[in-house]
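Below is one structure, written out as structure tokens; the observations come after it.
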Amino acid sequence: MRPRNNPDDKQFLQRLQREPIGPEDPRVRNDAYWALRHQGYGHEFAKRAFRDKLPRYFKEKVDLSDEYLADIDPEELFVVPTMNTEVQKLAVVIRPDLTEETVATAPPRSIEYTIWSENPPGFGLRIRPSGIRSYIVMFRIKGRRVQGKITLGKPGNLPLDLAKRLAREVRIEALAGNDPRPMHKSGQLLKQAK
């Protein structure tokens, strides 16, 4: 079977026949990911939402002044806006990108969670309910379906930029078809990254 990014004709036809996500869909009210997708955000942004926290919809009064409507042609308006018009807004909790500040201030939650970095892919900070933090990297060895995981170290012992370099090395080794776990245990990856 082909990957999702390159569907065959049958998969593509199934995608086209799916019902679009509507406002009455229960996923829109109960899942932050689908609430963002319904608002028009892409998958890459929506996947950063905390899915265990419900999206919050609220109405806010907005003063539709001239600067708010400056880029809209008046002939395209169906209804003339009035002062203090109510607008429905959506509030969703989004995972922050992985930075030094995030590493230091990310709070522990009732369940273990990971803050993933966009670059390099597969690299993240795992935060346990006890407050213990560690850098991890996910990888897939070339030609294998099983995904592997290596714990690189704790933020106090390993700076973020060095952890990112180690993650890149792990992923390069896996793409080459080598298992990076023995190299990590022996300390060879750390020597190469420094």
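From a predicted model like this one, the values you see are computed outputs, not experimental measurements.
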Subject >> Test log, rule side chain to side chain contact (heavy atoms under 4.5 Å, CB included), inputs Leu98 and Val103 >> reply: CA-CA 7 Å; Leu98 196 54; Val103 169; 3.8 Å; yes
Subject >> Working for side chain to side chain contact (heavy atoms under 4.5 Å, CB included), residues Ile115 and Tyr113 >> reply: CA-CA 7 Å; Ile115 300 174; Tyr113 71 103; 3.8 Å; yes
**OP:** In sequence, state the C-alpha distance, the side-chain angles, and the governing distance for Val137 and Arg171, and then conclude on side chain to side chain contact (heavy atoms under 4.5 Å, CB included).
**Re:** CA-CA 8 Å; Val137 62; Arg171 292 185 61 86; 4.1 Å; yes
Subject >> From CA spacing to verdict: side chain to side chain contact (heavy atoms under 4.5 Å, CB included), Thr105, Glu100 >> reply: CA-CA 9 Å; Thr105 61; Glu100 289 286 347; over 6 Å; no
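With rounding to the nearest 0.5 angstrom, the NZ atom of Lys89 is 11.5 Å from the CZ atom of Arg56. Annotation: the span from Ile94 atom CD1 to Tyr41 atom OH amounts to 8.5 Å, rounded to 0.5 Å. Rounding to the nearest 0.5 angstrom, the gap separating the NZ atom in Lys149 from the CD atom in Gln147 is 10.0 Å. Within the model, atoms OG of Ser117 and CG of Leu125 stand 10.5 Å from one another, a figure rounded to the nearest 0.5 Å. In this structure, Asp179 CG and Arg181 CZ are separated by 4.0 Å, a value rounded to the nearest 0.5 Å. Atoms CG and CG, on Leu36 and Asp31 in that order, are 9.5 Å from each other to the nearest 0.5 Å.
Placement of Trp34 and Leu54 in two distinct hydrophobic clusters is found when ILVMFWY residues are connected by side-chain heavy-atom separations under 4.5 Å, directly or transitively. Residues Val93 and Ile127 fall within the same hydrophobic cluster, defined by Ile, Leu, Val, Met, Phe, Trp and Tyr side chains chained together at heavy-atom separations under 4.5 Å. By the criterion of side-chain heavy atoms lying less than 4.5 angstrom apart, applied directly or through intervening Ile, Leu, Val, Met, Phe, Trp or Tyr residues, Phe139 is not grouped with Ile172; the two fall into different hydrophobic clusters. Cluster membership check: Ile150 shares its hydrophobic cluster with Leu160, using side-chain heavy-atom separations under 4.5 Å among Ile, Leu, Val, Met, Phe, Trp and Tyr.
For Pro55 against Ala32, the heavy-atom pair with the smallest separation is CD-N, 3.9 Å.
Residue Gln14 qualifies as enclosed at atom CD: its count of foreign heavy atoms under 6.0 Å is above 12. Within 6.0 Å of the CZ atom in Phe50, the count of heavy atoms belonging to other residues, nucleotides or ligands exceeds 12.
Side-chain contact check for Ile111 versus Asp52: some heavy-atom pair is nearer than 4.5 Å. Looking only at side-chain heavy atoms (C-beta outward), Lys53 and Arg109 come within less than 4.5 Å of each other. Residues His38 and Leu90 form no side-chain contact, since every pair of their non-hydrogen atoms from C-beta on lies 4.5 Å or further apart. At a threshold of 4.5 Å between non-hydrogen side-chain atoms, the residues Asn119 and Arg168 count as touching. Under the 4.5 Å side-chain criterion, counting only non-hydrogen atoms from C-beta, Lys164 is in contact with Pro120. Side-chain contact between Leu158 and Tyr135 is present, with heavy atoms from C-beta onward closer than 4.5 Å. The shortest side-chain heavy-atom distance between Pro129 and Glu112 falls under the 4.5 Å cut-off.
Residues Ser134 and Arg126 bring a donor and an acceptor atom of their side chains to less than 3.5 Å of each other. Residues Tyr33 and Arg37 bring a donor and an acceptor atom of their side chains to less than 3.5 Å of each other.
When each of Thr114, Leu152, Ile136 is paired with Phe123, the side chain to side chain contact (heavy atoms under 4.5 Å, CB included) condition holds for Leu152 and for no other.
In this structure, the side chain of Glu173 does not engage the main chain of Val170 through any donor-acceptor pair within 3.5 Å.
We find that Glu118 and Arg48 are joined by a salt bridge, their nearest charged nitrogen and carboxylate oxygen being less than 4.0 Å apart. A salt bridge links Asp25 to Arg27: one of the charged nitrogens lies within less than 4.0 Å of a carboxylate oxygen.
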